[in-house]
Protein chains: 2
Amino acid sequence: MTTPQLTKNQALVFDTLTKAEAPLSAYTILDKLRDHGFRAPLQVYRALDKLLEYGVVHRLESINSFVACAHPDENCHSHGLVAFAICESCGQVIEFHDHEVDHRLMGWLKSQKFKAEKSTIEIRGHCASCAA
Amino acid sequence: MTTPQLTKNQALVFDTLTKAEAPLSAYTILDKLRDHGFRAPLQVYRALDKLLEYGVVHRLESINSFVACAHPDENCHSHGLVAFAICESCGQVIEFHDHEVDHRLMGWLKSQKFKAEKSTIEIRGHCASCAA
DNA sequence: ATCAATTGCGTAATGCTATAACGTGTGCGA
DNA sequence: TCGCACACGTTATAGCATTACGCAATTGAT
Ligand SMILES: [Zn+2]
Ligand SMILES: [Zn+2]
Ligand SMILES: [Zn+2]
Ligand SMILES: [Zn+2]
């Protein structure tokens, strides 16, 4: 998927996520963009939907938040699973890919004749800095 | 973790989940239990918290729902990751465990000095019956 | 037996997350 | 010019989860 030119709203949301040091909720993004004319949640959600579609943003299901893709250049996303380690202290997210895990999971799913479409792999815990 | 005797509310919620053929949201559980005296979401959430703690119920983060554990007898949960395949047509959930995936993920996390505490692995798609 | 601490329960209020429904404007090809 | 697709703005609503308060039952010393 090649990323088309972003619209104004999409660019604002993407910028906000890119500059953030931790995942942001849709409503947090909304608050950060009020000065730029954002007034309603839907403006954020609509932009996020497109950014997710383009693959430049990920949604973290376990914390209802969004994060800019850490590997926008690699094309891993098209043929592999993405996993996230999320620090519950500082919020930092490490995004990673592992074809071994990928193959193993896909193999199991295939044996069950389950047709996979979307995947979520999220590990919550504490990062090296925060693990005291 | 050994499961203590369930309280009345906990047993009602657990029963509801056990009988269900698909994951249920907290509010759906609430509706199903109104005849048994449930009036507020908190009654459900409190019971769910305990059931999750005992490991007899799982939360599916990607669909904000809860499901009874499919392997209540095995003690896999204590030393391994749990994964779910969720059919978006019929709602059916397949719960499975794979030590290979487990080791691989944990190895990676260890290399990052990340201390894992909770994990979420959920694959959404279509089950064998629904995959037309 | 009594007191204190813990746990569960009931209710009301609130907060956070996400979508539905409606209408407007703009660009672009038929 | 018409029709269509798409982005946008606004209001209202739906869905998910927690905070806060008080009371009752249980437990476990003293
Ligand atoms: Zn990515
Ligand atoms: Zn951290
Ligand atoms: Zn289980
Ligand atoms: Zn199905």
Side-chain angles (χ1 to χ4, degrees), chain A residues 1-17 20 22-54 56-67 86 88 91 118 120 122 124, chain B residues 1-17 20 22-54 56-67 86 88 91 118 120 122 124:
Chain A
M1 159 98 49
T2 165
T3 308
Q5 183 65 24
L6 298 182
T7 67
K8 180 161 170 290
N9 284 3
Q10 289 161 17
L12 284 168
V13 169
F14 182 62
D15 251 43
T16 303
L17 283 175
L24 301 177
S25 76
Y27 278 72
T28 302
I29 296 172
L30 174 58
D31 285 339
K32 285 180 181 291
L33 290 178
R34 287 200 189 275
D35 295 343
H36 292 77
F38 276 51
R39 316 279 316 161
L42 209 46
Q43 296 176 283
V44 178
Y45 282 111
R46 285 205 271 235
L48 285 172
D49 281 347
K50 284 299 179 183
L51 295 171
L52 289 168
E53 182 185 326
Y54 303 152
V56 296
V57 160
H58 297 291
R59 175 194 184 104
L60 301 177
E61 310 272 5
S62 64
I63 56 174
N64 295 318
S65 293
F66 303 84
V67 68
I86 306 167
E88 293 188 314
K118 298 176 190 171
T120 297
E122 297 172 19
R124 281 151 345 271
Chain B
M1 159 97 50
T2 166
T3 308
Q5 184 66 24
L6 298 183
T7 66
K8 181 161 168 290
N9 283 4
Q10 288 162 17
L12 284 168
V13 169
F14 182 62
D15 251 43
T16 304
L17 282 175
L24 302 176
S25 77
Y27 277 71
T28 303
I29 295 172
L30 173 58
D31 285 339
K32 286 179 182 291
L33 290 178
R34 287 200 189 275
D35 294 343
H36 293 77
F38 275 51
R39 316 276 318 162
L42 206 47
Q43 296 176 285
V44 178
Y45 283 111
R46 286 204 270 234
L48 285 173
D49 281 348
K50 284 298 179 185
L51 296 171
L52 289 169
E53 180 184 328
Y54 303 152
V56 296
V57 160
H58 298 291
R59 175 194 183 102
L60 302 177
E61 310 273 5
S62 64
I63 56 175
N64 295 320
S65 293
F66 304 84
V67 68
I86 306 167
E88 293 189 313
K118 299 175 188 172
T120 298
E122 298 173 20
R124 280 147 353 267

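Predicted model, so just to flag it, every value in this text is computed and none were measured. Letters A, B, ... mirror the listed sequences (proteins, then strands); counts begin at 1.
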Could you list the protein-to-nucleotides 12-15 of chain C atom pairs, N/O on both sides, closer than 3.5 Å?
none

Check the interface with nucleotides 22-29 of chain D: list each N/O to N/O pair with the protein under 3.5 Å, or write none.
none

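Salt bridge B:Arg34/B:Asp31: present, at least one basic N to carboxylate O contact under 4.0 Å. A salt bridge links A:Arg124 to B:Glu61: one of the charged nitrogens lies within less than 4.0 Å of a carboxylate oxygen.
Annotation: side-chain contact (heavy atoms from CB on, under 4.5 Å) contacts of A:Ala20 (sequence neighbours excluded): A:Leu24. Legend: residues meeting side-chain contact (heavy atoms from CB on, under 4.5 Å) with B:Ser65, ordered by chain and number and at least two apart, are B:Pro23, B:Ser25, B:Ile63. Judged as a side-chain hydrogen bond (donor to acceptor under 3.5 Å, both in side chains), and not counting sequence neighbours, the contacts of A:Glu122 are A:Ser62.
Listed by residue number, there are no residues of residues 30-38 of chain A with a heavy-atom contact under 4.0 Å to DNA chain D.
Residue whose closest nucleotide on DNA chain C sits further toward the 5' end, between B:Arg39 and B:Asn64: B:Arg39.
For the OP1/OP2 pair of C:dG10 and a distance below 4.0 Å, the side-chain nitrogens and oxygens of B:Gln43 include at least one atom meeting the criterion. Residue A:Ser25 has a polar side-chain atom (N or O) positioned under 4.0 Å from OP1 or OP2 of C:dT17.
Rounded to whole Å, atom P of D:dA7 lies 11 Å from atom CG of A:Leu51. Counting to the nearest Å, the C1' atom of D:dG15 and the CD1 atom of B:Ile63 are 14 Å from each other.
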Test B:Phe66 against B:Leu51 for side chain to side chain contact (heavy atoms under 4.5 Å, CB included), laying out the working first. CA-CA 10 Å; B:Phe66 304 84; B:Leu51 296 171; over 6 Å; no
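Rounding to the nearest 0.5 Å gives a distance of 10.0 Å between NZ of B:Lys32 and CG of B:Leu17. Atom CG of A:Asn64 sits about 6.5 Å away from atom CG of B:Asn64, to the nearest 0.5 Å.
The side chain of A:Gln10 approaches D:dC8 more closely than any other nucleotide in the set C:dG8, D:dC8, C:dT11. Side-chain atoms of A:Lys50 lie closest to D:dA7 of the nucleotides C:dC9, D:dA7, C:dT17.
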